[in-house]
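Here the structure comes first, spelled out in structure tokens, and everything after it is commentary.
Every number for a ligand or one of its atoms is a count from 1 in the order of the listing.
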Amino acid sequence: MKVKIRGKRKLEGTVQISGAKNSAVAIIPAAILADEDVIIRNIPNIDDVNTLISIMREMGYIIHFDNNILIVKAKKKVNYYVQSELVNKLRGSYYFMGSLLGKIKRVKINNSGGCNLGNRPINYHLNNFQNLGAKLILNDQEVYLRATKLKGCEIHLDFPSVGATINTMLAAVKAKGITTINNAAIEPEISDVGNFLISMGAIIEGLGTPTIKITGVKYLHSTDYTIIADRIEAGTYLILGAMSEGSGIRIENVNPSYLIALTDLLSEIGCTLKIYENAIFIKRENPLKPFHIITKPYPGFPTDLGQPLSSLMLTITGESTITETIFSNRFSHIKELKKTGADVEIIENCIHIRGPANLHSEKLFAYDLRGAAALILAATLNRGITQIENIETLLRGYEYPIEKFQKLGLNITLFE
Ligand code: EPU
């Protein structure tokens, strides 16, 4: 699929922010741990969610998904083998490892996929499962983990990995005794997964801190849980608000405290921001100052917003930089921006952008999710037509993006 965009500098209006992708892709596999039916609300209707639902249906689960409400019926006999070919379509499928190991102490699964952001090992996940008592058999295609019993233990993460923290929680929640995860990641989506488990009767302390303590329980009951809003989707539309010369963009249904690294930056460079309890308003004020960011684990500057921010940098006079410290390759969109005439270059792990750019029409290719969002933001700056191919990458993680951009006044159409 492709989009055609005729750029326009004056975009304005209100955007409703959807449920968090990175919570949803963990909470859906985590539902396997429940011993009764569960209801999960605010689940975004995005391709990664629909892929996970398809995998679970192939595993025999009865799932209803309508109007952002997901109902997962508990299953008496759970199969340990996740054979679906869909597994390698997304990263989040690795959460079946933690949830199946926690539920039935055994799991066999294909290696998971996801955006190609460089080397993405899962050694921390596997070490932690082994520390909890699982035996590991690994080959190029599959991971097989099996335990006679899972026993709580002391775990130290060398790096506060989001995925490893969540997967360890999932495996430990029904293990015997206490598991402590030291140097845990503290991203809001991790607390969301933890709170979902707590709502079913799990005992978890220290969410949102680097030390998470999990006391294993035998039974997890039904729940009716609402997931948090997507701070990265929210950030993407805020960045568009900083680029646009309209009367301002208001994003609603957000928790502004999860976006402080971004909102502080945008006001420091000169934008007007108004922060409400569940909404943020942003308006560009010319001229904005060039800026330099370094991506870091939460509460530092999120790696997921580096690519969209590079499009904002195109509108600012002078040199701005993004130093990427989390993934080894989050620069796939840069060579596409270069095609449009942007003055951009990558030196080691740092993107240098010199603005303002005068972009011309081009056919571009979206290599990954946030890169796709960055290219759309950049295309708003070109009064001619920009075509972006492989827009499936965007639809993996943004809910109704075409409709939301159109509502802000952008001339964007989706076609095969
Ligand atoms: N790492 C290891 N070994 C491991 C696990 C991670 O070396 O066992 C390294 C990674 O290679 C990377 C760093 O640790 O260099 C951080 O990885 P982390 O595990 O924190 O990331 P992730 O769980 O793979 C999640 C999100 C990403 C987001 C990162 C960082 C999901 C499904 N993905 O990835 O989201 O960028 O945390 O916040 O939750 C996105 O939404 O576009 C996206 C890529």
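The option from Tyr95, Tyr94, Tyr124, Phe159 that lies nearest to atom 13 (C) of ligand 1, judged by heavy atoms, is Phe159. Distances from atom 4 (C) of ligand 1 to the heavy atoms of Ser161, Ser328, Pro121, Ala373 show the closest one on Pro121. Between the choices Leu126, Thr325, Ile326, Asp368, the shortest heavy-atom distance to atom 16 (C) of ligand 1 belongs to Ile326.
Atoms of ligand 1 found under 4.0 Å from any heavy atom of Arg91, numbered from 1 in the order shown, are 24 (O). Annotation for ligand 1: atoms under 4.0 Å from non-hydrogen atoms of Leu369 are 42 (O). Near Ile122, with a cut-off below 4.0 Å to any heavy atom, the atoms of ligand 1 are 4 (C), 8 (O). Proximity to Thr303 (heavy-atom distance under 4.0 Å) selects the following atoms of ligand 1: 30 (C), 36 (O). The distance from ligand 1 to the heavy atoms of Asn22 drops below 4.0 Å at these ligand atoms: 26 (C), 27 (C), 31 (C), 32 (C), 33 (N), 35 (O), 39 (O), 41 (O). Within ligand 1, counting atoms from 1 as listed, the ones closer than 4.0 Å to a heavy atom of Gly163 are 19 (O), 23 (O). Within ligand 1, the atoms closer than 4.0 Å to a non-hydrogen atom of Lys21 are 40 (C), 41 (O), numbered from 1 in the order shown.
At a 4.0 Å heavy-atom cut-off, ligand 1 does not touch Leu90 at all. Only the side chain of Arg330 comes within 4.0 Å of ligand 1, judged by heavy-atom distances. Contacts with ligand 1 closer than 4.0 Å are made by side-chain heavy atoms of Asp304 only, the backbone lying farther away.
Remark: Arg106 is not positioned above the aromatic ring of Tyr144, lacking an NZ or CZ atom under 6.0 angstrom from the ring centre and at most 45 degrees off the axis. Seen from the ring of Tyr80, Lys108 does not count as a face-on cation partner, given the 6.0 Å and 45° thresholds.
Looking at Asn253 and Asn278, their side chains never bring a donor and an acceptor atom within 3.5 Å of each other. Side-chain contact of Gln16 with Tyr237: a donor-acceptor pair under 3.5 Å is absent, judged by distance alone.
The shortest N or O to N or O distance between Val162 and ligand 1 is below 3.5 Å.
The ring of Phe365 has its center closer than 6.0 angstrom to the ring center of Tyr367.
Salt bridge absent: Lys21 and Asp230 never bring a charged side-chain N and a carboxylate O closer than 4.0 Å. A salt bridge links Arg231 and Glu189; the closest N-O separation between the charged side-chain nitrogens and carboxylate oxygens is under 4.0 Å. Here Asp35 pairs with Lys103 in a salt bridge; the nearest charged N to carboxylate O distance falls below 4.0 Å.
Closest approach of Ala372 and Leu394 over heavy atoms only: CB-CB, 3.9 Å.
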